[in-house]
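Only one structure is covered here, and it is reproduced in the block below.
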Number of protein chains: 2
Amino acid sequence: MSPSPEECGREVLDVVPLVMRTIRAEMRHHRTPELSVPQFRVLTFLNRHEGASLSDVADHIGLTLPSMSKIVDGLVARNLVTRQTHPGDRRRVKLALTTEGQAALHSARELTQASLAERLAVLSPSERTTIVQAMLALRSIFDSGREAKTDIVR
Amino acid sequence: MSPSPEECGREVLDVVPLVMRTIRAEMRHHRTPELSVPQFRVLTFLNRHEGASLSDVADHIGLTLPSMSKIVDGLVARNLVTRQTHPGDRRRVKLALTTEGQAALHSARELTQASLAERLAVLSPSERTTIVQAMLALRSIFDSGREAKTDIVR
DNA sequence: TATTGTTATACTCTATAACTATA
DNA sequence: TATAGTTATAGAGTATAACAATA
């Protein structure tokens, strides 16, 4: 029998924080330089959305503007991101990765991914297929960037 | 073709933080009283391991002793957990849930689970089956409590 | 007046270092 | 001396409230 949404929710609630703990620990331990999870997500977003505004990023990551402003402060201070006034609307801010930011993103992604891969390698190919399919399904309902494109009303 | 460990790692790295963001937000918004993710995890652990020491909890959750000490401070202050000297070894501490702690845990779990279930409900039964199977597989390689019982050497 | 950000303030989570108490 | 915890200190992440600048 297939699991109810409730049963499924229980499993997700049990396991996702567990995996997250490892991801966070890996990010902390991989220098070059170390990136926190939210920092990493901001860099990832900016990599795909060059010139995004602070609001764009905050909306996508799901944080308030002040929170995002502070995170960006840190990234700018570390020269991973540039913050310029938007030409045309001087209230807005235009964010972009520096070369250093691109390198940091790439490096963090590679290293964290590799350490996850190391653990995932002990699973069978079919188990990995299941995981990838599950991630796809979860992404479709948890990615706020995509919510707008679907009919999910909250 | 089935995904390589690397491809699988990439998906997990993309999607898990996304889901985690929602879990965290839900926990924050569900009063009764609101519990953070780490607090929730500590209560969950204590629910299954009555009388555990601070080190037991810290090891399981993957935090340092001072970090855990502080989290427990907060839980004790809110009367969700009791902290007593261990009889027999007075260096150790014996932690347990209060009745209020049990209620808070139950309530937070129900509410968060329900909101996850709401999102998961839009998926097909077979997608939910896939997710549950994926969670099972992920748990087997990310649950540090189980690592000791398997042959995973890190 | 509405929108975009920043600053001020406060709390939690997390770590390392230094310390206390017990074994 | 080694182990279990706590305290001190510091930094990141997060929020709400108040503010400034621009449209």
Side-chain angles (χ1 to χ4, degrees), chain A residues 17 20-31 33-43 51-78 80-95 108, chain B residues 17 20-31 33-43 45 51-78 80-95 104 108:
Chain A
M20 199 58 200
R21 183 188 96 201
T22 300
I23 292 178
R24 216 176 274 124
E26 291 298 337
M27 292 230 173
R28 268 198 306 274
H29 291 117
H30 295 326
R31 313 292 162 175
E34 57 181 82
L35 290 174
S36 69
V37 172
Q39 285 173 338
F40 176 76
R41 298 195 65 221
V42 171
L43 295 186
S53 73
L54 192 65
S55 295
D56 293 337
V57 188
D59 283 351
H60 185 267
I61 309 285
L63 293 178
T64 59
L65 275 175
S67 299
M68 191 49 71
S69 186
K70 224 178 147 189
I71 289 178
V72 169
D73 281 349
L75 293 171
V76 169
R78 287 166 62 183
L80 302 177
V81 164
T82 58
R83 178 170 39 186
Q84 301 175 319
T85 301
H86 191 98
D89 185 344
R90 284 161 53 195
R91 289 173 304 183
R92 309 183 82 218
V93 130
K94 210 177 83 175
L95 300 169
Chain B
M20 199 58 201
R21 180 188 99 201
T22 300
I23 292 178
R24 214 175 276 123
E26 291 299 336
M27 292 230 174
R28 268 199 305 275
H29 290 116
H30 294 326
R31 313 292 162 173
E34 56 181 81
L35 289 174
S36 70
V37 171
Q39 285 173 336
F40 176 74
R41 297 196 66 220
V42 170
L43 295 186
F45 180 78
S53 73
L54 193 65
S55 296
D56 292 337
V57 187
D59 283 351
H60 185 268
I61 309 285
L63 294 179
T64 60
L65 274 176
S67 298
M68 191 48 72
S69 186
K70 226 178 147 189
I71 290 177
V72 168
D73 281 350
L75 293 172
V76 169
R78 287 165 63 183
L80 302 177
V81 165
T82 58
R83 178 169 40 186
Q84 301 176 318
T85 301
H86 191 99
D89 185 344
R90 284 162 51 195
R91 289 173 305 184
R92 309 183 81 217
V93 131
K94 211 177 84 175
L95 300 169

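Note on naming: letters A, B, ... go to the chains in the order of the sequence lines (proteins, then strands), and numbering restarts at 1 for each one. Heavy-atom basis, side chains included; hydrogens, waters and symmetry copies ignored.
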Exercise for review: Record whether the side chain of K70(B) comes under 3.5 Å of the base of dT14(C) through a donor-acceptor pair of N or O atoms.
Suggested key: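 Answer yes: a donor N or O sits under 3.5 Å from an acceptor.
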Find the distance [X]:[atom1] to [N]:[atom2] and express it as a whole number of Å.
{"X": "L54(B)", "N": "dT22(C)", "atom1": "CG", "atom2": "C1'", "result": "16 Å"}
{"X": "M27(A)", "N": "dA15(C)", "atom1": "CE", "atom2": "C1'", "result": "18 Å"}
{"X": "R24(A)", "N": "dT12(C)", "atom1": "CZ", "atom2": "C1'", "result": "13 Å"}

Exercise for review: Return the 5'-most residue of the pair V37(A), L65(B) with respect to DNA chain D, ranking by each residue's nearest nucleotide.
Suggested key: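 Nearest nucleotide further toward 5': that of L65(B).
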Exercise for review: Would you mind telling me which residue lines up with the more 5' stretch of DNA chain D, M68(A) or D89(A), judged by nearest nucleotide?
Suggested key: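 In this pair, the answer is M68(A).
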Practice item. For DNA chain D, note the earliest and the latest nucleotide, 5' to 3', having some atom under 4.0 Å of a heavy atom belonging to chain A. Key: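 Listing 5' to 3', DNA chain D meets chain A from dG13(D) to dA23(D).
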Review point. So do the side chains of V37(B) and E26(B) get within less than 4.5 Å of each other, counting heavy atoms only?
Key: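 They are not in side-chain contact.
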Review point. Is there a side-chain contact between L35(A) and L43(A) (heavy atoms, below 4.5 Å)?
Key: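 Yes, at least one pair of side-chain atoms sits under 4.5 Å.
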Does a nitrogen or oxygen in the side chain of [X] sit under 4.0 Å from OP1 or OP2 of [N]?
{"X": "R90(B)", "N": "dT22(C)", "value": "yes"}
{"X": "R91(B)", "N": "dT20(C)", "value": "no"}
{"X": "T64(B)", "N": "dT14(C)", "value": "no"}

Check your understanding: Of the nucleotides dT14(C), dT4(C), dT6(C), which one has an atom closest to the side chain of I71(B)?
Key ->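 The listed nucleotide nearest to I71(B)'s side chain is dT14(C).
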